[in-house]
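These notes are about the structure you will find just below.
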Amino acid sequence: MTVSIKKVEEIEKMRIAGRLAVDVLDMITPYVQVGVTTNKLDQLCHDYIVNRQDAIPSPLNYKGFPKSICTSINHQVCHGIPGNKVLKKGDILNIDITVKKNGYHGDTSRMFFIDTPSIRAKRLVEVAYQCLWIGIRQVKPGRYLSEVGKAIQQYAMSHKCSVVRDYCGHGIGSEFHEEPQVLHYYTPDAKDVLLQSGMTFTIEPMINLGKPEVKLLPDQWTVVTKDHTLSAQWEHTILVTDDGVDILTLSPGEHQIDTTG
Ligand code: MF3
Ligand code: CO
Ligand code: CO
């Protein structure tokens, strides 16, 4: 397994792609409301990426994916296809944006509450957010990638949540999905990766209120929890630096290293 080390020029392009992906999430936020369809959110993001950013929505036609963004509601874990479904009060929604600009990808996702969430939905979304940040905090050159999954799993389990095992984070660059696989749990069976400055990958834990098992819907994309319990996910694209980590999809409201967890 080879994990590419990005050159300075590549990192600059990835910074741009990361910032564009964040800008799409910020643009769409005021539209994420009761009564809107996920198709409408997809159309707004598509038009913004193509017309305003002069960029490419990476999901569109990726392995046959039919839309420009992923929208995963409630018990949907990831890769939800935007459609005619109308968002209703109490829903939780993940919007996952990947943008390609100058040949490089930036990938980030956030959770949204549709009006007021239930207490347990809010708790799940907060646990998933902390899982992302605890994972990010493990990243430093000279440390092992397995520390990321180990820390995430420990935090999730101590909060009575489970970690999805069938999908993982990934290296990213000129390809949407590159090596390595970034597991959000620990297994001695995975080949470990010694982190080095210049590696770029995503951390994107999918955290369930119930059991970790998932199934694929007949549309061949949408992943849902087998027990139909709620699932939440947050994602950042990160760069390993000489002394730690740089988050390429940080939003202005977020701190580079969040210490609240
Ligand atoms: N953005 C997703 C990820 O974080 C991948 C979506 S693939 C798609 O890796 F085809 F469903 F868009
Ligand atoms: Co990703
Ligand atoms: Co993504």
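In each ligand, atom 1 is the first atom listed, and ligand 1 is the first ligand listed. FYI, side chains are in, hydrogens and waters are out, and symmetry mates aren't considered; it's all heavy atoms of this structure.
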Can we call the ring centroids of Tyr167 and His184 under 6.0 Å apart?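 No, ring centres 6.0 Å or more apart.
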
Using a strict cut-off of 4.0 Å, indicate which atoms of ligand 1 neighbour a heavy atom of [X].
X	value
Thr98	1 (N)
His170	3 (C), 4 (O), 9 (O)
Phe65	8 (C), 10 (F), 11 (F), 12 (F)
Asp107	1 (N), 3 (C), 4 (O), 9 (O)

Between [X] and [Y] (salt bridge meaning N to carboxylate O under 4.0 Å), is one present in this structure?
X	Y	value
Glu10	Lys13	no
Lys6	Glu12	no
Arg123	Glu126	no

If only protein N, O or S atoms under 2.8 Å count, total around the Co ion (ligand 2):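 Count of protein N, O, S atoms less than 2.8 Å from the Co ion (ligand 2): 4.
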
Test side-chain hydrogen bond (donor to acceptor under 3.5 Å, both in side chains) applied to Arg110 and Asp96, Thr249, Asp26, the passing residue: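 Option passing the side-chain hydrogen bond (donor to acceptor under 3.5 Å, both in side chains) with Arg110: Asp26.
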
How does [X] reach ligand 1, if at all, at less than 4.0 Å between non-hydrogen atoms: by side chain, backbone, both, or neither?
X	result
Glu235	side chain
Ser109	neither
Thr202	neither

Could you verify whether a donor N or O on one side chain and an acceptor N or O on the other, from [X] and [Y], lie under 3.5 Å apart?
X	Y	result
Ser58	His105	yes
Asn208	Thr225	no
His79	Thr222	no
Gln130	His159	no

Could you check whether any side-chain N or O of Asp219 sits under 3.5 Å from a backbone N or O of Trp221, counting only pairs where one atom can act as donor and the other as acceptor?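 Pair found, side chain donor or acceptor close to backbone of Trp221.
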
When you measure from the side chain of Glu147 to the backbone of Arg143, do you find a donor-acceptor pair of N or O atoms at a distance under 3.5 Å?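 Between the backbone of Arg143 and the side chain of Glu147 there is no qualifying donor-acceptor contact (under 3.5 Å).
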
Protein residue, atom and distance nearest to [atom], heavy-atom basis:
atom	answer
atom 4 (O) of ligand 1	Glu204 OE1, 2.8 Å
atom 7 (S) of ligand 1	Tyr62 CD2, 3.9 Å
atom 9 (O) of ligand 1	His177 NE2, 2.8 Å
atom 12 (F) of ligand 1	Pro59 CB, 3.1 Å
atom 2 (C) of ligand 1	Asp96 OD2, 3.3 Å
atom 5 (C) of ligand 1	Phe176 CZ, 3.6 Å

Measuring from Leu250:CG to Thr237:OG1, what's the distance to the nearest 0.5 Å?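 One gets 11.5 Å once the value is rounded to the nearest 0.5 Å.
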
